[in-house]
Visitor: 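The structure follows.
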Amino acid sequence: MDIPTPTSVPRLVDKLRRSSHPALIWYGQDGERVELSGRVLDNWAAKTANLWVDELDLQAGDVVALGDEVHWRGLAVALGTWTMGAGLRPVDPSGGAPEPGDRAVAGLVDARGALPALLGRVPSGARAVVLDRPALSLGYRGELPEGDALDYCAEVRSHADVYEGFEEPDPDGPALWAAGDDGPLSHGALLPDAAACVSGREQTWGGAAAVHVPGRRMDAEHLLRVLGVLAGGRAVVVTDRPADGTDPSWASVLAAENAVAF
């Protein structure tokens with residue numbers, strides 16, 4: 001599948017916008033299946049970018065801490081964050097903590113509807129953002145964290161489907177933090193490093209329409225793999241099913257999606 005690789009996340013979502021084919025397929029352990037076309041995934045990214053700017057006053061170069069539990073809505077938030085030029089810091093939602101200076105802290109509620117511990121550790125000057133779990137949620141039904149917390153699902157749909165803030169983020173600006181002390185990956189390196197993650201694999205994927213990116217955590221490696229698959233023109237399959245690598249039923253799921261393992 002010889003498709004030119006976009007050079008930045010804004011160019012990637014521009015490419016997705018022109019596609020009605022699946023781009024992101026989610027399987028939840030509760031049986032939920034969510035399929036977003038390229039156009040719809042671009043809409044979620046654009047709405048998130050506009051929400052960050054309009055409601056949180058975020059600017060390019062700011063940092064969003066995001067609970068790293070794998071979920072389709074978290075991936076949409078990551079794309080929207082990069083679209084408006086901010087950086088993303090994946091954080092363990094249970095035991096991790098954001099850094100001083102992070103401007104927003106977003107976390108996904110658990111399967112019971114409880115808030116992650118991460119949202120109780122919001123630093124001064126940042127805002128908590130609650131990501132509800134159900135696909136059709138119109139807002140979190142529980143009590144929001146203390147302070148000026150934002151209910152993502154209640155607010156995001158009212159924002160524009162296109163982000164028009166700027167054409168490109170600063171290529172030298174921080175985009176993605178990984179574990180360790182090496183410093184963040186820059187916006188300019190994000191897509192090249194994503195392409196390197198899938199280099200040599202595309203021939204083995206053959207004519208598959210989608211690729212399952214395994215893992216329970218949206219750490220830097222997971223996110224780069226997702227970007228690499230999307231930039232190469234295939235859909236990404238993600239799941240929080242606990243035995244997706246060994247469960248025989250998962251093989252039939254991938255076959256039905258014309259998908260292969262990463």
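Quantities reported herein were computed from a predicted structural model and do not represent experimental measurements. Values below: all heavy atoms of this structure, side chains included; hydrogens, waters and symmetry mates excluded. The chain is numbered in sequence order, starting from 1.
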Visitor: Can you measure from CH2 (Trp52) to CG (Leu58) and round to the nearest 0.5 angstrom?
Guide: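 Going from the CH2 atom of Trp52 to the CG atom of Leu58 covers 7.0 Å.
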Visitor: Could I get the full list of salt bridge (charged side-chain N to carboxylate O under 4.0 Å, His left out) partners for Glu257, not counting sequence neighbours?
Guide: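 Listed in chain order: Arg33.
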Visitor: Any heavy-atom pair between the side chains of Pro22 and Glu35 that's under 4.5 Å?
Guide: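 Glu35 vs Pro22: side chains touch.
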Visitor: Check whether any side-chain heavy atom of Arg133 lies under 4.5 Å from a side-chain heavy atom of Leu108, and answer yes or no.
Guide: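 The answer is yes; the side chains approach within 4.5 Å.
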Visitor: One pair to check against side chain to side chain contact (heavy atoms under 4.5 Å, CB included): Asp161 and Lys47. What are the steps and the verdict?
Guide: CA-CA 6 Å; Asp161 292 346; Lys47 286 177 178 293; 2.7 Å; yes
Visitor: Does Glu32 have any salt bridge (charged side-chain N to carboxylate O under 4.0 Å, His left out) partners at least two apart in sequence or in another chain, and if so, which?
Guide: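 Expected list: none.
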Visitor: Arg217: what forms a side-chain hydrogen bond (donor to acceptor under 3.5 Å, both in side chains) with it, not counting sequence neighbours?
Guide: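 For Arg217, the residues satisfying side-chain hydrogen bond (donor to acceptor under 3.5 Å, both in side chains) (neighbours in sequence not counted) are Asp68.
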Visitor: Which residues satisfy the salt bridge (charged side-chain N to carboxylate O under 4.0 Å, His left out) test with Arg73, sequence neighbours excluded?
Guide: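 Listed in chain order: nothing, the list is empty.
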Visitor: Is any side-chain heavy atom of Leu12 closer than 4.5 Å to a side-chain heavy atom of Trp82?
Guide: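 Counting from C-beta outward, Leu12 and Trp82 never come under 4.5 Å.
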Visitor: Under the ring pair (Phe, Tyr, Trp, His ring centres under 6.0 Å) test, which residues partner His71, sequence neighbours left out?
Guide: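 Once residues adjacent in sequence are excluded, the partners of His71 under the ring pair (Phe, Tyr, Trp, His ring centres under 6.0 Å) criterion are Trp26.
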Visitor: With hydrophobic residues grouped by side-chain heavy-atom distances under 4.5 Å, do Trp177 and Met84 end up in a single group?
Guide: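 Cluster IDs for Trp177 and Met84 differ.
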Visitor: Quick check: closest heavy atoms across Gly215 and Val70, and the distance to 0.1 Å?
Guide: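 Nearest heavy atoms, Gly215 then Val70: O-CG2, 3.3 Å.
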Visitor: On a heavy-atom basis, which atom in Ser186 and which in Ala175 lie closest, and how many Å separate them?
Guide: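 Closest heavy-atom pair between Ser186 and Ala175: C-CB, 3.6 Å.
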Visitor: Is the closest side-chain heavy-atom distance between Leu56 and Val129 below 4.5 Å?
Guide: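 Yes; the side chains approach each other to less than 4.5 Å.
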Visitor: Arg127 side chain to Glu55 main-chain N or O, any donor-acceptor pair under 3.5 Å?
Guide: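 Yes, Arg127 side chain to Glu55 backbone: donor-acceptor pair under 3.5 Å.
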Visitor: Could you grab the distance from atom CZ of Arg121 to atom CD of Glu99, nearest 0.5 Å is fine?
Guide: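 Here the rounded value is 12.5 Å.
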Visitor: Let me confirm one number: the OG-CG distance from Ser37 to Leu16, rounded to the nearest 0.5 Å.
Guide: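 Separation between the atoms: 9.0 Å.
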Visitor: Considering residues at least two apart in sequence or located in another chain, which fulfil the salt bridge (charged side-chain N to carboxylate O under 4.0 Å, His left out) criterion with Asp151?
Guide: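 Expected list: none.
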Visitor: Is it the case that atom CZ in Arg141 sees more than 12 heavy atoms from other parts of the structure closer than 6.0 Å?
Guide: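 Atom CZ in Arg141 is not crowded, with 12 or fewer foreign heavy atoms closer than 6.0 Å.
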Visitor: Side-chain contact test, heavy atoms from C-beta onward, threshold under 4.5 Å: evaluate it for Pro10 versus Pro169 and give yes or no.
Guide: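 When only atoms from C-beta onward are counted, Pro169 and Pro10 do touch, with a gap below 4.5 Å.
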Visitor: Determine yes or no for a side-chain-to-main-chain donor-acceptor pair under 3.5 angstrom, with Arg201 supplying the side chain and Phe262 the backbone.
Guide: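 Flag set: sc Arg201 to bb Phe262 pair under 3.5 Å.
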Visitor: Is any side-chain heavy atom of Leu75 closer than 4.5 Å to a side-chain heavy atom of Trp44?
Guide: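 Heavy-atom side-chain distance check fails, nothing below 4.5 Å.
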Visitor: Could you tell me the separation between the CG atom of Leu66 and the CZ atom of Arg89, rounded to the nearest 0.5 Å?
Guide: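 One gets 12.0 Å once the value is rounded to the nearest 0.5 Å.
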Visitor: Short question: side chain of Asn50, backbone of Ala160 - any donor-acceptor pair under 3.5 Å?
Guide: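 Yes, the answer is positive, given that a donor and an acceptor are paired below the 3.5 Å cut-off.
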Visitor: Is it true that Asp14 and Arg17 have a side-chain N and a carboxylate O under 4.0 angstrom from each other?
Guide: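 Looking at Asp14 and Arg17, the cut-off is met.
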Visitor: Looking only at heavy atoms, what is the nearest atom pair of Gly139 and Cys153, with distance?
Guide: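 That would be N-CB, 3.8 Å.
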Visitor: side-chain hydrogen bond (donor to acceptor under 3.5 Å, both in side chains) with Asp57: which residues, sequence neighbours excluded?
Guide: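 Asp57 satisfies side-chain hydrogen bond (donor to acceptor under 3.5 Å, both in side chains) with no other residue.
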Visitor: With sequence neighbours excluded, tell me which residues meet side-chain hydrogen bond (donor to acceptor under 3.5 Å, both in side chains) with Ser137.
Guide: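 In terms of side-chain hydrogen bond (donor to acceptor under 3.5 Å, both in side chains), with neighbours along the sequence ignored, Ser137 is linked to Asp132.
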Visitor: Which other residues belong to the hydrophobic cluster containing Leu115, where Ile, Leu, Val, Met, Phe, Trp and Tyr are joined when side-chain heavy atoms lie under 4.5 Å apart, directly or via other members?
Guide: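 Taking Ile, Leu, Val, Met, Phe, Trp and Tyr as members, Leu115 shares its hydrophobic cluster with Val91, Val105, Val109, Leu118, Leu119, Val122, Val130, Tyr140, Leu144.
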Visitor: Side-chain contact test, heavy atoms from C-beta onward, threshold under 4.5 Å: evaluate it for Leu138 versus Arg157 and give yes or no.
Guide: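 They are in contact (side-chain heavy atoms under 4.5 Å apart), so the answer is yes.
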Visitor: Let me confirm one number: the CG-CG distance from Leu88 to Asp102, rounded to the nearest 0.5 Å.
Guide: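 Result: 10.0 Å between the selected atoms.
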Visitor: Can you check whether His187 reaches Glu168 side chain to side chain, under 4.5 Å on heavy atoms?
Guide: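 SC-SC contact between His187 and Glu168 ruled out.
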Visitor: Enumerate, atom names and distances included, each donor-acceptor pair closer than 3.5 Å involving a side-chain atom of residues 220-229, sequence neighbours excluded.
Guide:
{"unit_1": "Glu221", "atom_1": "OE2", "unit_2": "Arg225", "atom_2": "NH2", "d": "3.2"}

Visitor: Would you name the heavy atoms of Ala259 and Val237 that are closest together and state the gap between them?
Guide: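 Scanning both residues completely, I find the closest heavy atoms to be CB-CG2, 4.2 Å.
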Visitor: Compare every heavy atom of Tyr27 with every heavy atom of Thr239, then report the nearest pair and how far apart it is.
Guide: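 Closest pair (atom of Thr239, atom of Tyr27, distance): OG1-O, 2.5 Å.
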Visitor: At their closest point, which heavy atom of Pro6 faces which heavy atom of Lys15, and how far apart are they?
Guide: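 Of all heavy-atom pairs spanning Pro6 and Lys15, the closest is CG-CD, 3.9 Å.
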Visitor: Honestly curious: do Val9 and Val63 fall in one hydrophobic cluster under the side-chain, below-4.5 Å linking rule?
Guide: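 No, because Val9 and Val63 fall into different hydrophobic clusters, even though each may have its own neighbours under 4.5 Å.
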Visitor: Could you tell me the separation between the CG atom of Leu36 and the CG atom of Asp42, rounded to the nearest 0.5 Å?
Guide: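 One gets 11.5 Å once the value is rounded to the nearest 0.5 Å.
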Visitor: What pairs with Arg112 under side-chain hydrogen bond (donor to acceptor under 3.5 Å, both in side chains), at least two apart in sequence or on another chain?
Guide: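 By the side-chain hydrogen bond (donor to acceptor under 3.5 Å, both in side chains) rule, Arg112 matches Asp110.
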Visitor: Taking only distance into account, with no hydrogens and no angle test, what donor-acceptor pairs under 3.5 Å do side-chain atoms of residues 188-196 form with protein atoms, sequence neighbours excluded?
Guide:
none

Visitor: Is a donor from one side chain sitting under 3.5 angstrom from an acceptor on the other, for Tyr152 and Thr48?
Guide: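 Note: Tyr152 and Thr48 side chains meet the donor-acceptor criterion.
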